[in-house]
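Everything on this sheet refers to the single structure shown next.
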Number of protein chains: 2
Amino acid sequence: MTKVAALLEGRGLRPSHQRVRIYEVLAATKAHPSAEDLWQALQPELPTLSRTTVYNTLASFLGLGLAKPIYIQGEELRYDADMESHGHFRCRSCGRVYDFPFGEAEYRPRLDPGFVPELVQLACVGLCSGCAKPREG
Amino acid sequence: MTKVAALLEGRGLRPSHQRVRIYEVLAATKAHPSAEDLWQALQPELPTLSRTTVYNTLASFLGLGLAKPIYIQGEELRYDADMESHGHFRCRSCGRVYDFPFGEAEYRPRLDPGFVPELVQLACVGLCSGCAKPREG
DNA sequence: TTCTCTGCAAACGCTTTGCACGGAT
DNA sequence: ATCCGTGCAAAGCGTTTGCAGAGAA
């Protein structure tokens, strides 16, 4: 039993080959893949894998706290197996999404009394270091 | 010529009755309406108004800096005619979206060197004052 | 056998596009 | 007469749902 299989089983999810591989691919990347990205990445080794299974599996991961959804400006939903609190920076030139650290404490919103924040998300759009200075370097 | 008509004309947009009314309804609310919301709100007075026109018009407003798009956790796109910088709080119980003040300066993300943020968005999900303490008051 | 998982196909909700009519310049 | 604006209908995209067959327990 692999580590990932044990992890899934520990959350009450049967560690099917599909689920294990979807989790492994998701956890191995920092590219914040969409469902489609994951499906494409797995096509070579699992040519019969259906998008439905990817969607189903990702939905289970979200419910079980194994992954977080990343909503970026009306784009397709992306997923992240890194459960640490962090912000996301999307480069408007190359489209890549980068993490950056942030403690929720330092971005505490100035809400009216009685409002209870449960989730604080910080998102940036701009130019990444690679795209901002193409002539330097 | 009304104030709104002049505003639209000043941006090079012909102040048709539809456009003027869409802008007026958008500017008069703090509810961050979706295209569908605006279309519904205008049905009584403009029963022939099409959704397409609402979408077209809102797209022009965005392009001309007359409104801002609000992307909330995979929900339908909402619009805001308030161009001031502010965060959005969505109550997960009642679904309402509230503004809260924030200067981008106080939420400056800790990005790696070379990254150039152009837009910083802070979004919260939680319970609003009305839903957080239903028994008090 | 029973129950979950899988995956095809169809439906779905929001948004965009193609196109033709109509009204303004 | 020429444009731009409008609005119907259809397409598009990401995602969800219905259902039947496959596979594990």
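Keep in mind that this is a model prediction, so the values were computed, not measured. For the numbers below, each heavy atom of this structure counts, side chains included, while hydrogens, waters and symmetry mates do not. In what follows, chains carry the letters A, B, and so on, assigned in the order in which the sequence lines appear, proteins first and then strands, with residues in each chain numbered from 1.
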What is the distance, rounded to the nearest whole Å, between atom [atom1] of [X] and atom [atom2] of [N]?
X: B:Arg78; N: C:dC14; atom1: CZ; atom2: C1'; answer: 14 Å
X: A:Leu58; N: C:dC5; atom1: CG; atom2: P; answer: 15 Å
X: A:Leu62; N: D:dT15; atom1: CG; atom2: P; answer: 11 Å
X: B:Phe61; N: D:dG5; atom1: CZ; atom2: P; answer: 12 Å
X: A:Tyr71; N: D:dT15; atom1: OH; atom2: C1'; answer: 11 Å
X: B:Leu38; N: C:dT15; atom1: CG; atom2: P; answer: 11 Å
X: B:His17; N: D:dG7; atom1: NE2; atom2: C1'; answer: 16 Å
X: B:Asn56; N: D:dA9; atom1: CG; atom2: P; answer: 17 Å

Counting neighbours of CZ on B:Arg110 that are heavy atoms of other residues, nucleotides or ligands and sit closer than 6.0 Å, is the number greater than 12?
yes

So for atom CD, which belongs to A:Glu84, do other residues, nucleotides or ligands contribute more than 12 heavy atoms lying within a distance under 6.0 Å?
no

Can you identify which nucleotide, out of [options], has its nearest atom closest to the [X] side chain?
X: A:Thr52; options: C:dA9, C:dT6, D:dT6; answer: C:dA9
X: A:Glu76; options: D:dG18, D:dT6, D:dT15; answer: D:dT15
X: A:Ser16; options: C:dT6, D:dA25, D:dT6; answer: C:dT6
X: A:Gln18; options: D:dG7, C:dT15, C:dG7; answer: C:dG7

Does D:dT15 have its OP1 or OP2 closer than 4.0 Å to a side-chain nitrogen or oxygen of A:Tyr55?
yes

Is the shortest side-chain N/O distance from B:Arg19 to OP1 or OP2 of D:dG5 below 4.0 Å?
yes

Between B:Leu49 and A:Glu36, who's closer to the 5' end of DNA chain D by nearest nucleotide?
B:Leu49

Nearest-nucleotide 5' precedence on DNA chain D, B:Ser50 against B:Arg14
B:Arg14

B:Arg92 with A:Glu118: basic N within carboxylate O range, under 4.0 Å:
yes

I'd like to know if A:Glu36 and A:Arg51 make a salt bridge, using a cut-off of under 4.0 Å between side-chain N and carboxylate O.
yes

So B:Thr48, base contact, sugar-phosphate only, or nothing? Heavy-atom distance under 4.0 Å.
sugar-phosphate

Closer to the 5' end of DNA chain C via nearest nucleotide, is it A:Arg51 or B:Leu77?
A:Arg51

Verify side-chain contact (heavy atoms from CB on, under 4.5 Å) between B:Val120 and A:Val125, making sure each step is shown before the conclusion.
CA-CA 7 Å; B:Val120 180; A:Val125 179; over 6 Å; no

